[in-house]
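Lettering follows sequence order; numbering is per chain, from 1.
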4 protein chains.
Amino acid sequence: MFQLDIRSRVPIYEQLVEKFKELIINEVLKADEQLPSVRQLAKDLTVNPNTIQKAYRELEHQGYIYSVPGKGNFVTPPSAINKEEKVKKMKEELLKLLAEALFLGVEKEEIISLIEEAERTVKGGEKS
Amino acid sequence: MFQLDIRSRVPIYEQLVEKFKELIINEVLKADEQLPSVRQLAKDLTVNPNTIQKAYRELEHQGYIYSVPGKGNFVTPPSAINKEEKVKKMKEELLKLLAEALFLGVEKEEIISLIEEAERTVKGGEKS
Amino acid sequence: MFQLDIRSRVPIYEQLVEKFKELIINEVLKADEQLPSVRQLAKDLTVNPNTIQKAYRELEHQGYIYSVPGKGNFVTPPSAINKEEKVKKMKEELLKLLAEALFLGVEKEEIISLIEEAERTVKGGEKS
Amino acid sequence: MFQLDIRSRVPIYEQLVEKFKELIINEVLKADEQLPSVRQLAKDLTVNPNTIQKAYRELEHQGYIYSVPGKGNFVTPPSAINKEEKVKKMKEELLKLLAEALFLGVEKEEIISLIEEAERTVKGGEKS
DNA sequence: GTGGTCTAGACCACG
DNA sequence: GTGGTCTAGACCACA
C-alpha cells in the first residue's frame with residue numbers, strides 16, 4: 001500500500017503524513033472514510049504503532065482527519081477543513097516556490113501546464 | 001554579509017548552503033572566485049568552524065564549489081552546475097503544492113496571478 | 001430527543017450526561033420524574049446499553065438523578081443539587097481563559113460585550 | 001517546580017502544557033527565555049522524556065514556544081504568536097463558558113471582577 | 001550538551 | 001476491537 005523509505009532523512013511519520021494527504025487530496029480516501037487502524041497499519045508496514053500514531057496525530061492537527069477514540073480515524077470532509085489560515089500559508093509557500101522555479105529557468109507555460117495536471121488529479125474537490 | 005536565523009528549524013549549515021547557492025547563481029560570487037576561509041567566516045558569523053566546514057563540504061558535494069587542499073574553496077563556474085535534477089525535483093514539489101492549493105479551493109486565476117507576482121520578484125536577478 | 005455527535009472526541013456517555021444535566025437544570029425533566037429506561041433509550045439512540053448505563057451511573061454519582069433498584073432512574077429535585085462546587089470550578093476555568101484572552105490582546109470591552117451576548121442566549125432558560 | 005497529578009484523568013503532557021501556558025501568559029517565563037531541557041525536566045519530574053517532548057511539541061503547535069534542535073526550547077515573543085485564529089476560537093469558548101456561568105447563577109458583576117483579577121496576572125502582555 | 005525519531009511493550013478508556 | 005498515553009531505552013543530527 002505504501003512505499004516507505006526507511007533510509008530517508010525525512011522521518012517515517014512525515015512520509016506517512018505526505019502519503020495520506022496525497023490520498024485525501026486526490027480523493028482516493030473519501031470524506032468520512034475510515035483509515036487503517038493504528039495497529040493494523042503498523043503491522044503491515046512493520047513500523048512501530050507509536051510512529052503511526054504520530055502520523056495520524058499530525059494529520060489531525062493539520063485538519064485532514066479526525067479521530068474518534070475507540071472507533072478509528074476518519075477523513076475530514078473538505079467542507080469542514082479550516083481553510084483560511086491554511087490557504088494563506090499555502091500561497092506564501094507557492095510564491096516562494098514559483099520564484100525559485102522561474103529563477104531556475106522554468107518557463108511560465110510549463111508552470112501553467114503543471115496547474116492543469118494538478119487540476120486533473122484533484123477534480124471535484126474545489127467545490128466548497 | 002549573511003543573515004542567519006538562529007531560531008529557525010533549518011540547521012545553520014543548511015542556511016549557509018542556501019545563501020551561498022544564491023550568491024553563486026546570481027554571480028555575486030564569480031566563477032573560480034575564492035570563498036572566505038572557514039576560520040574567518042566562522043569568526044565573522046560567530047558560528048562554530050565545524051558548521052562552516054559542513055556547509056562547504058555540502059556545497060562541494062552538490063557541485064557548487066570545489067576545494068583545493070591547502071589553498072581554499074572556489075566557486076564552480078555556473079555553466080558546470082547541473083541544474084536538471086534540481087528542476088525536476090522542483091516541478092514535482094510544485095505539482096504537489098498546486099494540487100493541495102486547488103483542493104483547498106484556491107482558484108486557478110489566483111495561482112496565475114501568483115506566478116506573475118513571482119516573476120516580478122525574480123526579474124533582475126536572473127542574469128545567469 | 002438527543003443529538004449525539006458520534007464524531008466528537010468527547011465520549012458518548014459524557015455527551016449524554018451533559019444533555020441530561022441541561023434538561024434537569026432547565027426543568028424539562030421535573031423533580032422525581034422517571035428517566036427513560038436504559039434499554040428503551042439505547043434502542044432509540046442506537047447506542048450500546050452499556051453506554052446508557054454508564055451515563056446514568058455518572059449522573060447518579062454527580063447527584064442529578066437517583067436510582068431505585070427494580071424501578072428505574074429518577075430526577076433529583078434541583079434544590080437538592082449541589083451547585084457550589086461546580087460554580088467554583090467554573091470560576092477557575094473562566095479566570096484562566098480570561099487571562100489567556102487578555103494575553104492574546106482581546107480588549108476588556110470585547111469581553112464585556114461577550115458577556116452581554118451570553119446573557120441573551122441564557123435569558124428564558126434560567127427559571128430554576 | 002511543577003505539581004503533577006499522576007493520578008488525574010488529564011494526561012501528564014496536557015497538565016504540562018497548561019502549566020507552561022500559564023507561566024508564559026503570566027510572564028514568569030519571558031520572551032525568548034529557554035525552557036528546561038527535555039531530559040532535565042524529565043529527570044526532575046521523574047517522568048519519561050517522551051512525555052516532556054510531547055508537551056513541548058504541543059506547546060510549539062499552539063505557538064507558545066519554538067524549538068531549535070540542538071539548542072533547546074524557547075518562549076515565543078507574544079508579538080510573534082499568530083493570534084487571529086486563536087482569538088476567534090478563544091471567543092467562542094469564552095462565550096460558551098460565560099453562558100454556562102450565567103446559567104448557574106454567577107452574577108455579571110462577579111465576572112467583571114474576574115476580568116480585573118485576570119488583568120492583574122497578565123499585566124503588560126496585551127500591548128502588541 | 002541539545003532536540004528529534006523510533007522501537008518494544010504496557011495499561012487504560014471506550015463501545 | 002479501537003485510539004490514547006506512558007515508560008524504558010536506543011540512535012541520530014546539530015552546535
Kindly state each residue pair satisfying salt bridge (charged side-chain N to carboxylate O under 4.0 Å, His left out) with at least one member in residues 53-78 of chain A, sequence neighbours excluded.
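For residues 53-78 of chain A, and leaving out neighbouring residues, the salt bridge (charged side-chain N to carboxylate O under 4.0 Å, His left out) pairs sorted by first residue read Glu60(A)-Arg9(C).
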
Can you measure [X] atom [atom1] to [N] atom [atom2] for me and round it to whole angstrom units?
X	N	atom1	atom2	answer
Gln53(D)	dT7(F)	CD	C1'	15 Å
Lys43(A)	dT7(E)	NZ	P	17 Å
Asp5(A)	dC6(E)	CG	P	12 Å
Gln34(A)	dT2(F)	CD	C1'	8 Å
Gln15(B)	dA13(F)	CD	C1'	15 Å
Ile52(A)	dT5(F)	CD1	P	17 Å
Leu45(D)	dA8(F)	CG	P	14 Å

Does Glu18(B) have any salt bridge (charged side-chain N to carboxylate O under 4.0 Å, His left out) partners at least two apart in sequence or in another chain, and if so, which?
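Per chain and number, Glu18(B) pairs via salt bridge (charged side-chain N to carboxylate O under 4.0 Å, His left out) with Lys21(B).
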
Arg7(C): what forms a salt bridge (charged side-chain N to carboxylate O under 4.0 Å, His left out) with it, not counting sequence neighbours?
Asp32(A)

Option passing side-chain contact (heavy atoms from CB on, under 4.5 Å) with Val75(B) (candidates Leu23(B), Leu59(B), Leu29(B))
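The option that passes is Leu29(B).
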
How would you list, by chain and number, every residue that makes a side chain to side chain contact (heavy atoms under 4.5 Å, CB included) with Asn48(A), sequence neighbours excluded?
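Listed in chain order: Asn50(A), Thr51(A).
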
If the condition is side chain to side chain contact (heavy atoms under 4.5 Å, CB included), which residues does Ala99(C) pass it with, not counting sequence neighbours?
Ile25(D), Ala118(D), Thr121(D), Val122(D)

Without placing hydrogens or testing angles, list every side-chain donor-acceptor pair under 3.5 Å for residues 84-97 of chain A, not counting sequence neighbours.
unit_1	atom_1	unit_2	atom_2	d
Lys86(A)	NZ	Gln62(A)	O	2.6
Lys91(A)	NZ	Glu110(B)	OE2	2.5

dT2(F) phosphate, OP1 or OP2: any side-chain N/O from Ser37(A) under 4.0 angstrom?
yes

Give me the residues of residues 56-63 of chain A where at least one heavy atom lies under 4.0 Å from an atom of DNA chain E, by number, or none.
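Nothing qualifies; none.
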
Nucleotides 13-15 of chain E: which of its N/O atoms have a protein N/O under 3.5 Å away?
unit_1	atom_1	unit_2	atom_2	d
dC14(E)	OP1	Tyr13(C)	OH	3.4
dC14(E)	OP1	Arg9(D)	NH2	3.3
dC14(E)	OP2	Lys54(C)	NZ	2.7
dG15(E)	OP1	Ile12(C)	N	2.9

My validator wants the stems of DNA chain E: runs of 3 or more consecutive Watson-Crick or G-U pairs, both distances under 3.5 Å, written as range with range.
E:1-14 with F:1-14

Considering residues at least two apart in sequence or located in another chain, which fulfil the side-chain hydrogen bond (donor to acceptor under 3.5 Å, both in side chains) criterion with Ser67(A)?
Asn73(A)

Output all residues satisfying side-chain hydrogen bond (donor to acceptor under 3.5 Å, both in side chains) with Gln40(B), sequence neighbours left out; order by chain, then residue number.
Asp44(B)

For Phe74(B), enumerate each residue passing the ring-ring contact (aromatic ring centres under 6.0 Å, His included) test, keeping only those at least two apart in sequence or located in another chain.
Tyr66(B)

Per the atom types in the model, does the base of dG1(F) pair as donor or acceptor with the side chain of Arg39(A) at under 3.5 Å?
no

With DNA chain F as reference, determine whether Ile6(B) or Ile6(D) sits nearer its 5' end, using the nearest nucleotide of each.
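This one resolves to Ile6(D).
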
Search all heavy atoms of Ile65(D) against all heavy atoms of Tyr56(D) and return the closest pair with its distance.
CD1-O, 3.4 Å

Pick base, sugar-phosphate or nothing for Val47(C), based on heavy-atom distances below 4.0 Å to the nucleic acid.
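Nothing, no nucleic acid heavy atom in range.
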
